[in-house]
Protein chains: 2
Amino acid sequence: MTVTIYDVARESGVSMATVSRVVNNNPNVKPQTRKKVFDAIEKLGYRPNAVARGLASKKTTTVGVVIPDISNTIFSEVARGVEDIANMYRYNIILCNSDKKKEKEIQVINTLLEKQVDGLLFMGGTVTEDHIHAFKTASVPIVLCGTKEESENIPSVDIDHEKAAFDAVQALLNEGHRDIALIGGNFKDLAKGFARYQGYIKAIEDAGLTVNEDLIQVGNFRYDSGLEKMKYFLESNQNVTAVFAVTDEMAIGAIHAIQDAGLKVPEDISVISVDNIRMASMVRPLLTTVAQPMYDIGAVSMRLLTKLMVNEEIEQSQIILPHELIQRNSVKRLT
Amino acid sequence: MTVTIYDVARESGVSMATVSRVVNNNPNVKPQTRKKVFDAIEKLGYRPNAVARGLASKKTTTVGVVIPDISNTIFSEVARGVEDIANMYRYNIILCNSDKKKEKEIQVINTLLEKQVDGLLFMGGTVTEDHIHAFKTASVPIVLCGTKEESENIPSVDIDHEKAAFDAVQALLNEGHRDIALIGGNFKDLAKGFARYQGYIKAIEDAGLTVNEDLIQVGNFRYDSGLEKMKYFLESNQNVTAVFAVTDEMAIGAIHAIQDAGLKVPEDISVISVDNIRMASMVRPLLTTVAQPMYDIGAVSMRLLTKLMVNEEIEQSQIILPHELIQRNSVKRLT
DNA sequence: CTGTTAGCGCTTTCAG
DNA sequence: CTGAAAGCGCTAACAG
């Protein structure tokens, strides 16, 4: 039924080894022989079986990717970078959603390893002891994408979230703002929740101001919570002239809360955040934000992984990508 | 180095076959034996090799998914539905971006087939003869997700794009609008481009009106083109009271063009579209649109594929999912 | 309930 | 430049 390498060998009058060589572009084959084999392949409609190849060669040319949620634009942009580079190096991607649930993460890591992936890309929240344990049982390289862990023993690529937040808040400070509210995220989320919160604190204190706890609310990174927390600030009559939201989505929610209250951004209140999702330039006013290079985070992670998979020399295994303030129209100088 | 089923067999004093049975939950194993085997597995840290299993059993429990662009929210929401259901039935997903390029599509279909996936989910634009040819060489089931092809011989799941557009335009008509502009998409895209255009035409004609070619512009489905085409209508002083954009993104672009011109939505011009992406409820005014059940399209496709993969009886292989008008705030009755 | 024995389709020494 | 042969780690009859 299915045509195998053996059939091709017989048809073209050579051995399996030779067919294997031509299929794998091994140069040690006489052109004539090569042609005979190609003809037979064509004639029989032969398609190499990657599973058999994987078993024999112990390489599957596929890498496992564990991602919190592919339908979340941040992650899907990262995933695109991952896939493009994977594709460039002829790897395929097995994608698994984890919803940031530890159990699920560990579970998918294991099934990915059973599938004999040549490498693993892990995107997610926090890397716990259990994760590290699971990684240790792997005999293939792993890189953390958009996260990192304390010991810095596992290769990773991310931005400096604290500094990004710091820069955002400082941009507000530079425009004369002093009463700056924070719409943060769960501190359990080390990167976006905690580090970005820290950046806010640090910027405020660096400016010689004191942090006002009343000006801090924590949401869940999403639009609705940004809207809700901003509404709270407005209704509780806090005297804020600017707000820093740790994600664009929350910032956009905040903008709408402000607008819904009959106020204007940035005339009445300025808004800034971190991320630069596509939507940031699809709102009115256009959102000023600190851009995190999503695509690049994915692309660079994958590139790093490809090197690791072929035991290439690595100069730097803890990569911090640069971020950049994108000035648009949601921040105004305080007069 | 790596521990195999053979090592476990030796360690637990049984045969490979028995180990295989307990690993695969075959009930024909005495509890005691089962326990011995589990102990050995635990002790040796055995992890089944899915590649070897795949070669021996001719099943890989993985399905290939070809998707135009995972970073596009529409597709990533569909992909989430696909993954959830795949996961539920213990399948893994190999994801390949195609950018809707025919060459790339055909190419990834082939590599997916080489990887011996148990089934294929194809999302993309148009299904050509070449695609059909590629599908024919496959010995595994295929389902089209968010597309379909003329002959209706390939299982598919999608919505009725023409009817969805028709309903959107009719909603405008019902509110008294007569001068309705269309911001369409490339007609080469049969589903979103052509079918939705047809729905517009049909609704206008059904209402006894005549189509005004001056009120038709075609964009590229994205935000910027919606903005630009609307700007054109505004500047060319067309007397429109409402616009139907074939995608939410273009509709949001149109809303912003209107607002940028100092007019209001829906007071001055009403806007409606089809899709209901998440962003539709993250803009001001909230976008009125005909919802296409993205997640379900993915979920149902995958469910259909799981049935096909186990040769289950299929009652219906051309599935049309329902769409629904979501009334929000971007449409107003013409007074 | 358990063991034996063929392969699955390919890569990879090792010879020549 | 080419061929023979030994697996890769597992499943699936088949026999008992």
Side-chain angles (χ1 to χ4, degrees), chain A residues 1-38 40-41 44-62 90 110-111 113-118 139-140, chain B residues 1-38 40-41 44-62 90 110-111 113-118 139-140:
Chain A
M1 179 66 238
T2 59
V3 14
T4 76
I5 201 174
Y6 179 73
D7 300 317
V8 177
R10 201 156 26 80
E11 177 72 26
S12 51
V14 300
S15 70
M16 285 166 55
T18 300
V19 177
S20 175
R21 287 192 187 95
V22 348
V23 169
N24 293 295
N25 279 313
N26 183 318
N28 298 330
V29 181
K30 209 195 302 174
Q32 297 171 33
T33 321
R34 186 180 300 276
K35 178 163 186 336
K36 272 195 303 189
V37 174
F38 273 131
I41 287 176
L44 302 179
Y46 168 69
R47 173 158 30 216
N49 179 328
V51 172
R53 173 182 294 171
L55 183 59
S57 70
K58 295 176 167 302
K59 297 234 162 309
T60 52
T61 63
T62 104
R90 319 256 85 130
N110 283 318
T111 87
L113 259 16
E114 284 186 8
K115 298 245 175 183
Q116 312 300 119
V117 292
D118 293 340
S139 51
V140 296
Chain B
M1 179 67 240
T2 60
V3 13
T4 74
I5 202 173
Y6 180 72
D7 301 316
V8 177
R10 200 157 26 81
E11 177 71 26
S12 50
V14 301
S15 71
M16 285 166 56
T18 300
V19 177
S20 174
R21 287 190 188 97
V22 348
V23 169
N24 293 295
N25 279 313
N26 182 318
N28 298 333
V29 181
K30 210 197 297 175
Q32 298 172 32
T33 320
R34 185 179 300 275
K35 178 163 187 334
K36 273 195 303 188
V37 174
F38 273 132
I41 287 177
L44 302 178
Y46 168 70
R47 175 157 29 217
N49 180 327
V51 172
R53 173 182 295 170
L55 183 58
S57 69
K58 294 174 167 304
K59 298 234 162 307
T60 53
T61 60
T62 105
R90 318 257 85 131
N110 282 319
T111 88
L113 259 16
E114 284 186 9
K115 297 246 173 182
Q116 312 298 122
V117 293
D118 294 339
S139 52
V140 296

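Each chain gets a letter, A, B and so on, in the order its sequence line appears, and its residues count up from 1.
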Participant: Is there a donor-acceptor pair under 3.5 Å between the side chain of Lys36(B) and the backbone N or O of Val14(B)?
Facilitator: no
Participant: When you check the side-chain N and O atoms of Arg47(B) and Asn110(A), is any donor under 3.5 Å from an acceptor?
Facilitator: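 Side chains of Arg47(B) and Asn110(A): pair found under 3.5 Å.
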Participant: What is the separation between atom CZ on Arg10(B) and atom P on dG9(D), rounded to the nearest whole Å?
Facilitator: 13 Å
Participant: Applying the side chain to side chain contact (heavy atoms under 4.5 Å, CB included) test to Lys115(A), which of Thr61(B), Val51(B), Asn49(B) qualifies?
Facilitator: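 Only one of Thr61(B), Val51(B), Asn49(B) forms a side chain to side chain contact (heavy atoms under 4.5 Å, CB included) with Lys115(A), namely Thr61(B).
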Participant: Does some side-chain heavy atom of Tyr46(B) sit less than 4.5 Å from a side-chain heavy atom of Ile5(B)?
Facilitator: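 Answer yes - side chains close enough.
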Participant: Can you tell me if Asn24(B) uses its side chain to pair, donor with acceptor, with the backbone of Arg21(B) under 3.5 Å?
Facilitator: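 No: the side chain of Asn24(B) does not pair with the backbone of Arg21(B).
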Participant: Reading nucleotides 2-11 of chain C 5' to 3', which nucleotides get B (base under 4.0 Å from a protein heavy atom), which S (sugar-phosphate only), which -?
Facilitator: BBB--BBBBB
